[in-house]
Amino acid sequence: MEMQTWDELYQTCMACRKCPLAETRTNVVFGEGARDAEVMFIGEGPGEQEDLTGRPFVGRGGKFLDEMLAMIDLDRSKIFIGNMVKCRPPKNRDPLPAEQEACIGYLRNQVALIRPKIIVCLGRIAAMKLIRADYKITKEHGQWVEKAGVSMTAIFHPAALLRDPRKRPETFEDLKSIQAKIREVCTHTF
Ligand code: URA
Ligand code: SF4
């Protein structure tokens, strides 16, 4: 299949009605950041603020994510932030397997076009889809796996860190590990 350009992918995704989440969304949240990002952060799906604004991670969890990024000298201009599903699941429930399946192609195309060196899954749902179906976030967060030449890891979701501050020290270690990996495999200056 001929690969879509970024603009074609964007247009297709913005008009998408492939799954029932199209019925209840306000905006499709395509994701945003550098088109040549070496690092991608992937959440599970838009929440209320994201649905209202069309932008990823702009609610309370998003503010916390910005703080986490700043701890390792990252900001949104240097990376790409996206989600597994592009439309908000009602009441922020987990996206259903069929919804994930319907939507994952957009993320795969985004990855194919951006060609990142590192993908960081935010939370369990993204890790189970992108790393391994039986991924155990509590045990495996911060560990690295290679998939198709991309270094992949997962950290606790910012919303989980807001709910449970006891998880934050471990996440700080994971962030430092991400910083070390960036220094190892990335070529842009961070
Ligand atoms: N949670 C997510 O997983 N993604 C967002 O964009 C916002 C909150
Ligand atoms: Fe399309 Fe994904 Fe939105 Fe479903 S969640 S309508 S597959 S963009």
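Since the structure is predicted, the reported quantities are computational estimates derived from the model, not experimental observations. Atoms considered below: every heavy atom in the structure, side chains included; atoms not considered: hydrogens, waters and symmetry mates. Just so you know, residue 1 is the first one in the sequence shown, and it goes up from there. Both ligands and their constituent atoms are indexed starting at 1 by order of listing.
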Review point. Which is closest to atom 2 (C) of ligand 1 in terms of heavy atoms, Gly43, Gly45, Gly59?
Key: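 Of the listed residues, Gly45 has the closest heavy atom.
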Check your understanding: Does the gap between the ring centers of Phe64 and His157 come in under 6.0 Å?
Key ->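 Ring centroids of Phe64 and His157 are no less than 6.0 Å from each other.
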Point to revise | Neighbour count >12 (heavy atoms, 6.0 Å) for atom CD, Glu8 | key: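 More than 12 heavy atoms, drawn from other residues, nucleotides or ligands, come within 6.0 Å of this atom.
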Review point. Does Asn83 come within less than 4.0 Å of ligand 1, judged by its heavy atoms?
Key: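 Yes, Asn83 has heavy atoms under 4.0 Å from ligand 1.
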Point to revise | Gln49 touching ligand 1 at heavy-atom level, < 4.0 angstrom | key: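 No, Gln49 has no heavy atoms under 4.0 Å from ligand 1.
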Practice item. Please say which of Lys176, Arg168, Glu170 ends up in a side-chain contact (heavy atoms from CB on, under 4.5 Å) with Phe172. Key: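 One option only clears the test, and that one is Lys176.
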Practice item. Calculate, to the nearest 0.5 Å, the distance between atoms OG and CD belonging to Ser151 and Glu38 respectively. Key: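 Here the interatomic distance stands at 11.5 Å.
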Review point. Sorted by chain and residue number, which protein N/O/S atoms are under 2.8 Å from atom 3 (Fe) of ligand 2?
Key: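 Protein N/O/S atoms under 2.8 Å of atom 3 (Fe) of ligand 2: Cys87 SG.
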Review point. So do the side chains of Ile118 and Trp144 get within less than 4.5 Å of each other, counting heavy atoms only?
Key: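 Side-chain contact under 4.5 Å: yes.
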Review point. Phe156 vs His141 aromatic rings, parallel, tilted or perpendicular, using cut-offs 30° and 60°?
Key: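 Phe156 and His141: tilted rings.
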Check your understanding: Which bit of Glu44 gets closer than 4.0 Å to ligand 1, counting heavy atoms only: side chain, backbone, both or neither?
Key ->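 Near ligand 1, Glu44 shows its backbone as well as its side chain.
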Practice item. Indicate yes or no: does Glu50 engage Arg88 in a salt bridge with an N to O separation below 4.0 Å. Key: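 Between Arg88 and Glu50 there is no salt bridge, as every charged N stays at least 4.0 Å from the carboxylate O atoms.
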Practice item. Please could you name the atoms of ligand 1 that Pro56 approaches to less than 4.0 Å, counting only its heavy atoms? Key: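 Counting from 1, the qualifying ligand atoms are 6 (O).
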Check your understanding: Could you walk me through whether Asp36 and Ile114 pass the side chain to side chain contact (heavy atoms under 4.5 Å, CB included) check?
Key -> CA-CA 5 Å; Asp36 62 348; Ile114 292 178; over 6 Å; no
Check your understanding: For atom 8 (C) of ligand 1, what's the nearest protein heavy atom and its distance?
Key ->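 Checked against all protein heavy atoms, atom 8 (C) of ligand 1 sits closest to Phe57 CE2, 3.7 Å.
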Review point. For atom 1 (N) of ligand 1, what's the nearest protein heavy atom and its distance?
Key: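 Scanning the protein heavy atoms, the shortest distance from atom 1 (N) of ligand 1 goes to His157 NE2, 3.2 Å.
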Check your understanding: Do the side-chain N and O atoms of Lys63 and Gln49 include a donor-acceptor pair separated by under 3.5 angstrom?
Key ->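 Short answer, no.
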